[in-house]
A.B. asks: 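The structure that follows is given in the form of structure tokens.
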Amino acid sequence: MEANARIYQDIKEILIRREEIANAVKMLGEMITKDYEGKAPVMVCILKGASVFYVDLLREIDLPVTMEFMIASSYGHGTSTSGNVRIIKDLDYDVSGRDVILVEDIVDSGVTLDFLKRMFKERGVNSVRVATLLDKPARRRVKLKADYYCFTVPDAFVVGYGLDYNQIYRNLPDICILKPEIYNK
Ligand code: 5GP
């Protein structure tokens with residue numbers, strides 16, 4: 001029996017399976033390795049949603065990367081953005097002059113990453129790019145294009161592989177759509 005069988009009962013549909021995710025993450029790691037040859041980028045994980053993607057992606061990159069973690073929040077407990085971005089946990093050291101890659105789970109309205117990109121530019125980084133697992137272009141509210149992404153998803157709320165609903169479902173190995181009754185509980 002699947003280890004996560006109990007929480008899979010809340011799933012309506014598997015959108016992207018773990019094998020497809022692994023392949024896409026591997027390809028993205030190779031692409032970043034090629035693009036940043038001779039460089040040592042600072043990889044910034046935007047917690048908590050990007051955590052699973054982040055650790056998998058870093059292990060597919062053949063460069064002397066450094067790991068940094070940040071918590072930024074634009075959401076309350078619902079399924080759409082509040083438009084305000086709060087930095088709950090900032091980086092531990094100065095990244096001026098460095099090449100920064102922001103690693104995110106999903107770009108939805110684009111508000112979070114637009115804010116973070118501007119913040120890093122103001123901090124005097126040499127470059128800042130965005131690598132996201134998922135891109136949901138249908139809901140974009142600002143002009144933001146991810147430099148790297150693995151999959152485009154439709155306008156639906158997805159969970160799994162790091163993404164949550166009310167802090168649950170992050171440990172599902174696949175990217176899934178929840179049953180509507182879960183939101184109406
Ligand atoms: P944005 O600022 O681009 O609207 O939102 C980015 C953040 O919203 C993501 O990092 C993620 O935490 C959350 N988010 C947006 N769409 C989804 C979704 O479909 N599922 C989940 N679990 N979180 C989402």
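Every value quoted in this text rests on a predicted model; they were computed, and no experiment measured them. Just so you know, ligand 1 is whichever comes first in the structure, and atom 1 is the first atom listed for that ligand.
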A.B. asks: Would you say Y161 and N171 are linked by a side-chain donor-acceptor pair, where the criterion is simply a distance under 3.5 Å?
C.D. replies: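 No - no donor-acceptor pair under 3.5 Å links their side chains.
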
A.B. asks: Hey, which atoms in ligand 1 end up nearer than 4.0 Å to a heavy atom of K136?
C.D. replies: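 By the 4.0 Å cutoff, the relevant atoms are 16 (N), 17 (C), 18 (C), 19 (O).
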
A.B. asks: Could you note down all residue pairs passing ring pair (Phe, Tyr, Trp, His ring centres under 6.0 Å) where residues 90-125 supplies at least one of them, sequence neighbours left out?
C.D. replies: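 Residue pairs with at least one partner in residues 90-125: there are none.
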
A.B. asks: Pairs of nitrogen or oxygen atoms closer than 3.5 Å, one from F157 and one from ligand 1: do any exist?
C.D. replies: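 N/O-N/O distance under 3.5 Å: no.
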
A.B. asks: Flag the pair D62 and R59 as a salt bridge only when some basic side-chain nitrogen lies within less than 4.0 angstrom of an acidic carboxylate oxygen.
C.D. replies: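 Looking at D62 and R59, the cut-off is not met.
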
A.B. asks: Per the ring pair (Phe, Tyr, Trp, His ring centres under 6.0 Å) rule, what does the pair list look like for residues 48-68, sequence neighbours excluded?
C.D. replies: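 The answer is Y54-F69.
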
A.B. asks: Could you tell me whether ligand 1 has any atom less than 4.0 Å away from a heavy atom of A50?
C.D. replies: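 It does not, in that no heavy atom of A50 comes within the 4.0 Å cut-off of ligand 1.
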
A.B. asks: Are any of the N/O atoms in D105 less than 3.5 Å from those in ligand 1?
C.D. replies: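 Between D105 and ligand 1 (N or O atoms, distance only) the closest approach is under 3.5 Å.
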
A.B. asks: Run the side-chain contact (heavy atoms from CB on, under 4.5 Å) test on I182 and Y165 for me, step by step, so that the C-alpha distance in whole Å, both residues' side-chain angles and the decisive distance to 0.1 Å come before the verdict.
C.D. replies: CA-CA 9 Å; I182 303 297; Y165 175 64; 4.1 Å; yes

A.B. asks: Is it the case that ligand 1 has an N or O less than 3.5 angstrom from some N or O of V158?
C.D. replies: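 Looking only at distances, the answer is yes, because the N/O contact criterion of under 3.5 Å is met.
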
A.B. asks: Select one of side chain, backbone, both or neither to describe which atoms of R139 lie under 4.0 Å from any atom of ligand 1, heavy atoms only.
C.D. replies: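 R139 to ligand 1: no contact under 4.0 Å from either part.
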
A.B. asks: Please give me the minimum heavy-atom distance between I175 and V158, naming the atom from each residue.
C.D. replies: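 I175 and V158 have their closest heavy atoms at CG2-CB, 4.0 Å.
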
A.B. asks: With a cut-off of 4.0 Å, which atoms of ligand 1 are near a heavy atom of D164?
C.D. replies: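 So the atoms of ligand 1 that pass are 21 (C), 22 (N).
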
A.B. asks: Using a strict cut-off of 4.0 Å, indicate which atoms of ligand 1 neighbour a heavy atom of T112.
C.D. replies: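 Numbered from 1, ligand 1 contributes 1 (P), 2 (O), 5 (O), 6 (C).
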
